[in-house]
Amino acid sequence: METKKKKGTPPPRYDEAFKAGAVRMVTEQGRQPTEVAKDLGICIDTLRSWMKSSGIQMGQASRQNREQQRIRELEAENRALRKQLGEKDEVIDILKKSVGILSKP
């Protein structure tokens with residue numbers, strides 16, 4: 001059960017490194033702001049204000065996260081297709097050599 005703060009108690013002060021780390025968790029790691037706020041034990045409004053002061057809006061961060069995820073998916077697909085292409089090239093080379101061997105008198 002959570003305890004309520006007494007009225008008149010000032011909010012905790014966080015250093016700039018902590019704030020920047022929280023913002024990076026959202027922008028670079030692609031985590032949801034609500035999840036980050038909960039994990040760090042801070043209010044979502046506090047995280048929003050830190051992001052805003054960093055020049056990042058919540059919607060913008062979510063959009064960036066989706067774009068980064070899509071880029072990672074496309075890069076993985078690209079690697080898989082390049083691997084397939086390499087395997088097919090090897091098969092073609094083997095078939096060309098075997099045709100050459102069979103066509104010699």
Side-chain angles (χ1 to χ4, degrees):
M1 187 188 262
E2 292 182 17
T3 58
K4 301 232 179 204
K5 293 182 181 180
K6 295 180 184 179
K7 286 188 177 185
T9 305
R13 297 285 178 195
Y14 300 99
D15 63 0
E16 292 303 315
F18 182 84
K19 293 176 185 180
V23 171
R24 276 195 310 275
M25 290 173 80
V26 175
T27 58
E28 294 176 10
Q29 294 178 6
R31 297 179 59 190
Q32 292 297 316
T34 52
E35 175 189 347
V36 171
K38 183 178 178 184
D39 288 350
L40 296 177
I42 59 174
C43 177
I44 185 65
D45 294 327
T46 302
L47 180 57
R48 280 189 183 118
S49 75
W50 294 347
M51 291 178 69
K52 186 176 180 180
S53 67
S54 296
I56 301 165
Q57 295 176 347
M58 294 294 270
Q60 179 184 6
S62 296
R63 187 169 36 260
Q64 286 175 344
N65 292 343
R66 285 192 304 271
E67 289 171 358
Q68 288 173 352
Q69 177 64 28
R70 182 67 178 140
I71 288 170
R72 286 191 294 272
E73 290 170 357
L74 290 171
E75 287 173 345
E77 181 181 3
N78 193 13
R79 282 190 299 275
L81 290 171
R82 285 180 188 269
K83 182 178 177 184
Q84 272 184 342
L85 182 61
E87 291 169 354
K88 290 183 190 286
D89 285 344
E90 289 176 11
V91 169
I92 289 171
D93 289 341
I94 291 170
L95 290 173
K96 283 181 181 178
K97 289 177 184 175
S98 66
V99 168
I101 292 172
L102 294 175
S103 64
K104 289 185 180 178

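Keep in mind that this is a model prediction, so the values were computed, not measured.
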Q. Of Ile94, Ile92, Val99, which is the lone residue that meets side-chain contact (heavy atoms from CB on, under 4.5 Å) with Lys96?
A.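 Considering Ile94, Ile92, Val99, a side-chain contact (heavy atoms from CB on, under 4.5 Å) with Lys96 is found only for Ile92.
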To the nearest 0.5 angstrom, please state how far the [atom1] atom of [X] sits from the [atom2] atom of [Y].
X: Ile71; Y: Asn78; atom1: CD1; atom2: CG; answer: 12.5 Å
X: Ser53; Y: Glu16; atom1: OG; atom2: CD; answer: 7.5 Å
X: Arg48; Y: Ile42; atom1: CZ; atom2: CD1; answer: 11.0 Å
X: Lys88; Y: Leu81; atom1: NZ; atom2: CG; answer: 10.0 Å

Q) How about Tyr14 and Leu40: do any of their side-chain heavy atoms sit closer than 4.5 Å? A) no
Q: Just jot down the salt bridge (Lys or Arg N to Asp or Glu O under 4.0 Å) partners of Glu73, sequence neighbours excluded, or say none.
A: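 Salt bridge (Lys or Arg N to Asp or Glu O under 4.0 Å) check on Glu73 returns Arg70.
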Q: Return the set of residues passing salt bridge (Lys or Arg N to Asp or Glu O under 4.0 Å) with Arg31 (not counting sequence neighbours), or none when no residue passes.
A: Glu35, Asp39
**Q.** For the student: nearest non-hydrogen atoms of Val26 and Leu47, plus distance
**A.** CG2-CD2, 4.0 Å
(Q) Checking one residue: Leu95. Which other hydrophobic residues are in its cluster under the side-chain 4.5 Å linking rule? (A) Val91
